[in-house]
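Okay, so here's the structure we're looking at.
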Amino acid sequence: MREIFEKILGKENVFEKEPMKKHTTFKIGGVADWFLTPQNKTQLKELVLVLKEQNIPFFVLGNGSNLLVGDKGIRGVVICLGKQMDNIQISGSECYVESGAILSKVANAVQRAGLSGFEFASGIPGSIGGAVFMNAGAYEHEMKEIIKTVEYMDQNGEIFSISNEECDFGYRTSIFSKNDYIVLSAVFSLQEDSLEEIKNRMDDYTSRRTSKQPLEKPSAGSVFKRPVGHFAGALIEQSGLKGYQIGGAQVSEKHAGFIINTGNATAKDVLDLIEYIKKVVFENFGVMLETEVKMIGEF
Ligand SMILES: Cc1cc2nc3c(=O)[nH]c(=O)nc-3n(C[C@H](O)[C@H](O)[C@H](O)COP(=O)(O)OP(=O)(O)OC[C@H]3O[C@@H](n4cnc5c(N)ncnc54)[C@H](O)[C@@H]3O)c2cc1C
């Protein structure tokens, strides 16, 4: 396949046996057979069509901040929509952003333009593509509130632009996650505000995050979705699991909803710890936790 991939993308954008631990915030994950970085929509489309024709499975990677990649890696292709597709354009109170842009970069750009609404997302370490796909949220806000339109590519390489209402956003889900659509870009609808007020809100969110979350250690953020009527972190803490460790994976002492990689955790360590937490929390509270982190590849 190398020849075909290089013809579409150029030699410099084709990587074979790429260690996924380099591309996940957990710093865990075996090798991907192929790791490809299309530079634009045209290349992406050509690639998707070839993969479909050859029956090769592919996975779209953003910033790798919500993933647990298996120790045996990923068969097929990882398509990385990263900083090669991270254009940001602000016009009036709207902001067009390509999917590879990192949320903090977008938050800073709109703050400098005196636009409010994006502050809640400034500390989420994802890309626009991942955040739209997941309908990422924090501090009682979510992507759904600020998105005007989203441009995506379906599995046949066709490109569409849809309105917020058509995105079918729910708690950490969207039409994109339900159909494996590739998010290409989004337009955000924001409000004018003073630069200082926006900055203050961003600083407030940052200090709340730094004091409550183990940002100094590799993780994938909150491992579990918020169960109805509860907080996963509180249930785990009340089960006495703070600091509980399997191999190199540990329930964070700072925030029980996070699992941290203490240095040499394998995906299996994390998976075993997740199963153990689910079992103990269910025994104690009758609540079955559901993972928010996506498990990808072979374990
Ligand atoms: C320290 C820390 C704090 C966090 N805090 C929060 C928080 O407050 N709120 C929150 O919601 N999340 C939080 N997260 C989780 C994570 O940052 C979000 O889920 C984020 O939206 C994932 O974006 P990503 O680009 O890293 O996606 P990835 O992890 O790369 O991928 C996640 C999913 O999105 C898909 N995807 C990525 N890009 C695209 C694309 N362009 N098109 C289609 N599918 C795509 C992937 O296929 C995968 O299924 C946190 C994570 C960490 C490590």
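Keep in mind the model is a prediction, meaning the values are calculated, not measured. Computation of the quantities below employed the complete heavy-atom set of this structure, encompassing side-chain atoms and omitting hydrogens, waters and symmetry-equivalent molecules. Order of appearance sets the numbers: ligands from 1, and atoms from 1 within every ligand.
- Among all protein heavy atoms, the one lying closest to atom 5 (N) of ligand 1 is R209 NH1, 3.2 Å.
- Side-chain polar atoms of K217 and N261 form no donor-acceptor pair below 3.5 angstrom.
- Counting heavy atoms only, G130 comes closest to atom 38 (N) of ligand 1 of the residues G130, A121, G82, G221.
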- Message: Using the rule given for side chain to side chain donor-acceptor pair (under 3.5 Å), can you reason through S116 versus R201, listing the C-alpha separation, both sets of side-chain angles and the distance that settles it, and then say yes or no?
- Response: CA-CA 9 Å; S116 168; R201 277 193 293 273; 3.2 Å; yes
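- Of all protein heavy atoms, the one closest to atom 29 (O) of ligand 1 is N66 N, 2.8 Å.
- For the 3.5 Å distance criterion, the side chains of N87 and E98 fail to qualify, holding no donor opposite an acceptor.
- Residue contacts with ligand 1 for L81 involve side-chain atoms from C-beta outward but no N, CA, C or O (heavy atoms, distance under 4.0 Å).
- Residue-ligand proximity: E142 is placed with every non-hydrogen atom at 4.0 Å or more from ligand 1.
- Here's the thing with S219: none of its N/O atoms is less than 3.5 angstrom from an N/O atom of ligand 1.
- Residue F59 places a heavy atom less than 4.0 Å from ligand 1.
- For the residue pair T206 and D203, no side-chain donor N or O sits within less than 3.5 Å of a side-chain acceptor on the partner.
- Heavy-atom proximity to A220, at under 4.0 Å, picks out these atoms of ligand 1: 51 (C), 52 (C), 53 (C).
- With no hydrogens or angles considered, no side-chain donor-acceptor pair links S91 and E94 at under 3.5 Å.
- Annotation: F133 places no N or O atom under 3.5 Å from an N or O atom of ligand 1; distance criterion only.
- In terms of N/O distances under 3.5 Å, ligand 1 is not approached by T25.
- The distance from ligand 1 to the heavy atoms of L61 drops below 4.0 Å at these ligand atoms: 30 (O).
- Among protein heavy atoms, atom 32 (C) of ligand 1 sits closest to L67 CD2, 3.9 Å.
- When only interatomic distances are considered, the shortest N/O to N/O separation between S222 and ligand 1 does not fall below 3.5 Å.
- Looking only at heavy atoms of the protein, atom 13 (C) of ligand 1 is closest to I124 CG2, 3.7 Å.
- Where the criterion is an N or O separation shorter than 3.5 Å, residue side chain and backbone included, G123 fails it with respect to ligand 1.
- For ligand 1, the polar-atom distance check against S65 finds a nitrogen or oxygen pair separated by under 3.5 Å.
- The two residues N284 and S239 come nearest to each other via the heavy atoms ND2-OG, 3.1 Å.
- When hydrogens are left out, the protein atom nearest atom 43 (C) of ligand 1 is Y181 O, 3.2 Å; that is the closest non-hydrogen contact.
- Ion pair E3/K7 not flagged as a salt bridge, since none of the NZ, NE, NH1 or NH2 atoms sits closer than 4.0 Å to an Asp/Glu carboxylate oxygen.
- Not a single heavy atom of F26 sits less than 4.0 Å from an atom of ligand 1.
- The environment of E196 atom CD is sparse: at most 12 non-hydrogen atoms of other residues, nucleotides or ligands sit within 6.0 angstrom.
- For the residue pair E18/H23, the side-chain donor-acceptor check at 3.5 Å is satisfied.
- For the 3.5 Å distance criterion, the side chains of D180 and Q155 fail to qualify, holding no donor opposite an acceptor.
- Listed by number with element, the atoms of ligand 1 under 4.0 angstrom from any heavy atom of G137 are 7 (C), 8 (O), 9 (N), 10 (C), 11 (O).
- Within ligand 1, the atoms closer than 4.0 Å to a non-hydrogen atom of M134 are 19 (O), numbered from 1 in the order shown.
- The atoms of ligand 1 that sit less than 4.0 Å from any heavy atom of A138 are 8 (O).
- Listed by atom number, the atoms of ligand 1 under 4.0 Å from K294 heavy atoms are 49 (O).
- In terms of polar-atom proximity, defined here as any N/O pair under 3.5 Å, G62 does make such a contact with ligand 1.
- Scanning V69, V60, L44 for the heavy atom closest to atom 47 (O) of ligand 1 points to V60.
- One option in A101, A131, G126, S99 has a heavy atom closer to atom 21 (O) of ligand 1 than any other, and that option is A131.
- When hydrophobic clusters are built by joining Ile, Leu, Val, Met, Phe, Trp and Tyr residues whose side-chain heavy atoms come closer than 4.5 Å, directly or via intermediates, I236 is grouped together with F26.
- For the pair E151 and K41, the salt-bridge criterion is met [side-chain N within less than 4.0 Å of a carboxylate O].
- For ligand 1 and R172, the ligand atoms under 4.0 Å from any heavy atom of the residue are 11 (O).
- Using bins of under 30°, 30° to 60° and over 60° for the plane-to-plane angle, the ring pair F35/F15 lands in the perpendicular bin.
- In the vicinity of L215, heavy-atom distances shorter than 4.0 Å reach the ligand 1 atoms 1 (C).
- Considering only non-hydrogen protein atoms, atom 50 (C) of ligand 1 sits nearest to P125 CD, 3.7 Å.
- Between I260, T24, V183, it is V183 that holds the heavy atom closest to atom 41 (N) of ligand 1.
- Side-chain polar atoms of S222 and E292 form no donor-acceptor pair below 3.5 angstrom.
- Aromatic ring pairs are classed by plane angle as parallel below 30°, tilted from 30° to 60° and perpendicular above 60°; the pair W34 and F5 is perpendicular.
- In terms of protein heavy-atom proximity, atom 25 (O) of ligand 1 is closest to S127 OG, 2.6 Å.
- Nearest to atom 24 (P) of ligand 1 among the protein's heavy atoms is N63 N, 3.4 Å.
- For D71 and K268, the salt-bridge test fails: no basic side-chain N is under 4.0 Å from an acidic carboxylate O.
- Using bins of under 30°, 30° to 60° and over 60° for the plane-to-plane angle, the ring pair F176/Y152 lands in the perpendicular bin.
- N63 and S127 are not linked by any side-chain donor-acceptor pair at a separation below 3.5 angstrom, with hydrogens and angles left out of the test.
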